[in-house]
Every structure is written in structure tokens, then in C-alpha cells.
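Take a look at the structure set out below.
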Amino acid sequence: MGQDKRQVEAITARDVDFAQWFTDVVKKAELIDYTSVKGMFVMRPYGYAIWENMQAILDGEFKKTGHENVYLPMLIPESLLQKEKDHVQGFAPECAWVTMGGAEKLEERLCIRPTSETLFCEHYANIIHSWRDLPKLYNQWCSVLRWEKTSRPFLRHREFLWQEGHTMHATAEEAIAETEQMLNIYADFCQNVLAMPVIRGRKTEKEKFAGAEATYTIECMMHDKKALQGGTSHYFGDGFARSFDITFADKNNQQAYPHQTSWGVSTRLIGGIIMTHGDDNGLVLPPRIAPIQVMVLPIAMHKPGVLEAAEALRARLAEAGFRVKLDASEQSPGWKFAEYEMKGVPLRVEIGPKDMEKNQCVIARRDNGEKTFVSLDTLEDTVRGLLDAVHDNMFAMAKKNLDDNTFAVNTLAEAKEITNTKGGFLKTKWCGDLACELKMKEDAGVSSRCMPLEQSGTEGVCPVCGKKCTTDIYWGVAY
RNA sequence: CGGGGUGUGGCGAAGUUUGGUAUCGCGCUUGGUUCGGGACCAAGAGGCCUGGGGUUCGAAUCCCCACACUCCGACCA
């Protein structure tokens with residue numbers, strides 16, 4: 001029975017069990033398959049295509065701003081990893097080690113990179129000698145490995161794909177500017193490409209990257225009102241340079257330490273896309289990274305001319321530069337509608353005998369379900385306009401979710417109350433004291449997300465200790 | 001790492017309490033009829049019941065041990 005089939009294929013309702021809904025979507029939309037190693041996943045063609053599209057756009061932005069891609073080894077000798085004290089302490093608990101080469105035990109065990117700061121430093125020490133060698137603007141696309149205790153598709157893999165930029169600069173000012181520039185590239189990418197609104201900000205001492213002087217972040221709100229860190233950009237000062245003995249002769253022939261940055265985003269952003277935009281019918285993909293932007297479906301395709309008309313339509317859209325596919329399989333139209341909704345395809349174009357008579361097609365939007373009749377004369381322009389409209393609407397809905405679920409509070413009691421009843425982000429003042437930050441976590445169950453770059457400058461009180469202070473800060477439950 | 005749940009053809013489940021050699025739906029294959037919101041008919045194929053030990057004449061079922069997935073916590077860019 002059709003009814004039974006619907007039940008079997010159905011995913012858990014989003015508002016009933018968000019975590020289960022997420023897992024269902026990831027599997028049913030064919031993004032991920034599980035493997036026999038915990039925390040390691042197959043990224044299936046459709047899931048990997050999303051990453052490839054994100055990669056292409058980001059890589060273009062990196063190149064535009066002068067960065068070059070490199071590739072460094074995946075193994076780090078223990079002694080190298082240990083050169084920066086804070087860094088190794090931060091990562092040691094989740095390192096995986098190679099101890100054998102063939103049948104022989106290694107002299108020194110090798111860490112499978114959890115991140116590559118140390119390798120970049122080793123390399124930079126070799127190639128940076130003069131102010132003329134700076135800046136070095138390198139980026140690497142690779143996978144890293146962290147032995148997480150619990151794992152979830154996209155959100156926490158033991159091995160995940162990312163990019164890590166590592167740059168060296170003659171001055172602190174230049175390095176700080178780089179850190180900010182990359183944060184802005186990430187923020188623009190999230191908003192203009194992924195339709196995900198972000199809060200740009202700085203992490204507290206407690207939350208910053210191991211070994212960094214300052215960590216900047218873009219924080220996103222998921223549909224369940226929890227926070228996801230979308231990307232980070234770190235300013236290292238010359239700390240690593242000192243630990244790794246990287247020096248250069250400046251213009252005055254004085255030996256100096258270069259100033260360093262690193263920045264990264266990962267496939268975790270795909271988890272963010274799913275949890276920001278998805279609904280009870282499955283995935284909803286932002287048009288600019290959707291592997292298939294338009295799916296053409298012939299209706300009553302056994303009737304004369306329908307398949308040819310559909311193919312002509314597909315060819316026109318492909319010619320116009322859209323990522324478009326035609327599904328001429330034997331499945332019923334209803335099956336196909338549901339299938340491509342599950343996969344989050346932004347636009348569906350239907351063409352059947354009735355449309356052919358009227359020189360039109362039907363276009364249905366994934367984001368709001370709206371169907372319109374479109375004259376074939378204006379097909380390309382209409383599709384272009386609709387893809388933008390879908391993007392804008394997705395962004396607006398996500399922004400509304402963020403705004404509607406961000407609450408200004410002044411006391412710890414309020415913070416607790418709102419977190420327990422509504423969830424979402426809390427915006428408060430903060431005195432800067434670690435004890436207050438810890439208390440917030442202990443009592444209200446929220447961690448600091450970031451101190452936004454756009455500070456109000458007004459004076460208020462720390463919700464925990466009541467001291468007068470001016471720093472704005474966001475709190476939330478994080479992924 | 002702590003607490004719960006679950007492992008049975010590709011997927012979802014029944015069967016486990018009261019041991020007797022595996023059942024159903026979906027999917028898959030073939031043929032036919034359909035086609036504007038997960039179509040229908042008919043005939044087929046497909047299973048070391050997560051793994052390893054044990055008890056027994058006999059284990060999906062009972063016992064022990066692993067492992068995996070999943071949810072909630074803790075941890076964690």
C-alpha cells in the first residue's frame with residue numbers, strides 16, 4: 001500500500017526529535033553511509049558534491065586574497081607536536097598514534113594530524129629568513145583526525161575534511177588584519193552562499209584555540225536553537241614562532257619573530273546547513289551549493305513528445321549554466337516529488353502534456369512549496385530569479401529564527417529560566433572573569449559563544465557577579 | 001567515559017518471556033497496465049539471525065564476553 005510505503009520511508013518529524021530527524025535526513029538524502037570504524041563515515045556522491053561546491057567557492061575567495069594551496073604530511077612526530085606547550089595539551093587527549101611501520105616498532109611514535117600548526121611551523125622555519133619572504137599565505141585542503149569519544153555524521157567525525165589556512169606576517173598588525181579578513185570571508189560565505197546568518201565575535205580565554213592569542217568565530221543558530229561554530233580564525237602572535245624558532249631579518253637587519261594566523265572551516269558546515277534549513281520533508285539546500293539546482297520531471301512521460309520536451313528544457317537550463325538534471329526513470333511523479341524534496345533540490349520543473357499545449361512548465365520551490373506556471377519563453381530568467389529568491393527566503397527564515405530566539409538578560413536567574421523554557425542565545429554583559437563564565441555553565445547550562453565584534457558600548461552588569469561592565473557576550477548550548 | 005535503547009535479507013519490523021531450524025511490509029528482478037503528490041497486477045530472487053565462547057539432542061531465542069549503532073550527559077574548537 002502507498003500508505004505503508006510512506007510510513008516506511010518517512011523521517012522523524014523535526015520538532016518531535018531533532019537529533020533523530022537529523023540522522024534520518026543524513027541517511028535518507030544519501031549524504032552519508034556508516035562504516036565499520038566508529039566515527040568514520042562514507043561521504044556519498046551527493047554529500048561529497050555539496051562539499052566540492054563549497055570548496056570551489058571558498059578556494060576562489062582564498063586565491064583572490066593571495067593565498068596558495070600546499071599539502072603537508074599527515075604524520076607528526078611526537079617531539080614536534082610537543083614544541084608548543086598549550087597546543088599539545090589541548091590536542092593530546094584526542095590524538096591517534098602510529099607506532100608500527102610494517103612489523104617494526106617506530107623509534108618515535110607519529111601522531112596523525114589533528115591540525116597542522118606544528119608541521120607548518122617546521123616548514124616555515126626552513127623557508128622564512130628575510131622580510132622579503134613574508135608574508136607567507138598558505139592554505140591546505142585535507143582531512144584531520146581526532147579521536148572523539150562520541151561521533152555524529154557531519155557534526156563530529158573522527159576523521160573530517162577541512163581547510164586550514166596558516167599564514168606568517170612581518171607585523172602583528174598585518175597578522176591581525178589577516179585574521180579579521182578571513183573571518184569576514186567565512187561570514188560572507190555563510191550568509192551569501194549558505195544562507196546562514198552568523199554572529200561574528202571573539203572567543204573568551206576559556207574557549208579559545210590551544211596556543212592562540214585570540215580566536216575569532218562565527219556562531220550560527222540551528223533550528224533547534226543550539227549554537228554551531230561555523231568557522232574560526234586565530235591570531236597567534238609570535239608564540240609559535242618562538243617555540244619553533246622561526247626568525248627573519250627585518251628591513252633594519254634585526255632578527256625578528258613573524259606573526260602568525262590560522263583559520264579553518266570543515267564539513268561540519270554541512271551539518272549546519274542541514275540543521276539550519278531542513279524541514280519535515282528532508283533536506284533544503286541553499287541554491288548556490290546545491291549539487292542539483294533544478295530537477296526536471298516529465299509528467300505522463302509515455303505520452304508523445306513529453307520526454308523530448310523535458311529533455312529540451314533540461315538542455316536549455318544546462319546551457320544557461322544551471323546545475324540541472326532530468327529524471328526519466330520509471331518512478332511515478334509523486335515518488336519523484338518526494339525524493340527530490342528529501343534531497344533538498346531548490347527547484348523542481350514539471351512538464352506534461354497540458355503544459356506543452358500552453359508553452360509553459362510548472363516550477364515548484366523547495367523552500368516554501370510554492371508552485372507557479374512559467375512561460376517557456378522566459379524560462380532561464382525565471383529560474384535565475386527563483387534561485388535567488390529561494391536563497392533570500394532561506395536566509396530570512398534563518399535570520400528570523402536567530403533574532404526571535406536571542407534574549408537579552410541581566411541576571412543568572414533569568415538566564416537559567418530562559419534556557420530551561422525557551423532555549424536559544426542569551427545576550428548579556430560580562431565582567432571578563434572566568435569564575436562567572438564557569439558559573440554560567442554550571443547554573444544555566446550555557447557556554448560562552450562569543451563576544452560580538454559589534455559591541456554596543458553601553459554599561460551594564462555581569463549577570464553572575466553584578467559588577468558593572470561593558471562587554472557584550474552571547475551564551476548558548478553548543479554542538 | 002557514565003546512563004538508557006537497539007543489533008534478524010538492501011531498509012523497517014515480528015519472532016526472544018514459554019529453545020524445535022525464520023515471518024511480514026517496503027525495496028530489488030522480470031513482464032504488463034499506469035503516470036499533475038511517494039501507482040497497480042502477476043511471477044521471482046535474496047537471510048553464517050552483529051561477532052566469539054558456553055549450556056542443550058537441538059539456540060535468533062537461555063548464559064558469559066566482545067563489537068557496533070543510537071539517544072542523553074561529561075569531554076571536546
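Quick note: numbers below take in every heavy atom, side chains included, and nothing from hydrogens, waters or symmetry partners. Lettering of chains follows the sequences in order, A, B, ..., and the numbering in each one begins at 1.
Of the candidates B/G37, B/A77, B/G36, B/G36 carries the atom nearest the A/Glu350 side chain, counting heavy atoms from C-beta on. Closest to the A/Lys149 side chain, of the nucleotides B/G36, B/C1, B/G38, is B/C1. Listed nucleotides B/A77, B/A68, B/G38 differ in distance to A/Thr115; the shortest reach to its side chain belongs to B/A77. If you check B/C76, B/C72, B/U70 against the side chain of A/Ala19, the one that comes closest is B/C72. The side chain of A/Phe91 lies closest to B/A77, out of B/A77, B/C28, B/U70. Which of B/G36, B/G37, B/G38 sits closest to the side chain of A/Pro333 comes down to B/G36. Here the side chain of A/Lys354 is nearest to one of B/G36, B/A77, B/G38, namely B/G36. Side-chain proximity of A/Arg152 to B/A77, B/C71, B/G38: nearest is B/C71. In the set B/G36, B/A74, B/A77, B/G36 carries the atom at the smallest distance from any side-chain atom of A/Val362.
Atom CD1 of A/Ile32 and atom C1' of B/U70 are 15 Å apart (whole Å). In this structure, NZ of A/Lys441 is placed 9 Å from P of B/G73, rounded to the nearest angstrom. Counting to the nearest Å, the C1' atom of B/G73 and the NZ atom of A/Lys226 are 11 Å from each other.
A distance below 6.0 Å separates the ring centres of A/Tyr124 and A/Tyr138.
Counting non-hydrogen atoms under 4.0 angstrom, A/Asp355 reaches a base of the nucleic acid. Nucleic acid contact class of A/Tyr34 (heavy atoms, under 4.0 Å, all strands): sugar-phosphate only.
When each of A/Lys38, A/Met40, A/Glu159 is paired with A/Ser151, the side-chain contact (heavy atoms from CB on, under 4.5 Å) condition holds for A/Lys38 and for no other.
In this pair, A/His67 and A/Phe62 present their aromatic rings perpendicular. The plane angle is above 60°, beyond the 30 to 60° band. Relative orientation of the A/His157 and A/Phe41 rings is tilted, given thresholds of 30° and 60° on the angle between their planes.
Near-neighbour residues of RNA chain B inside residues 297-309 of chain A, defined by a heavy atom below 4.0 Å, number-ordered: A/Ile299, A/Ala300, A/His302.
A/Thr150 has no side-chain polar atom (N or O) that falls below the 4.0 Å cut-off from OP1 or OP2 of B/A74.
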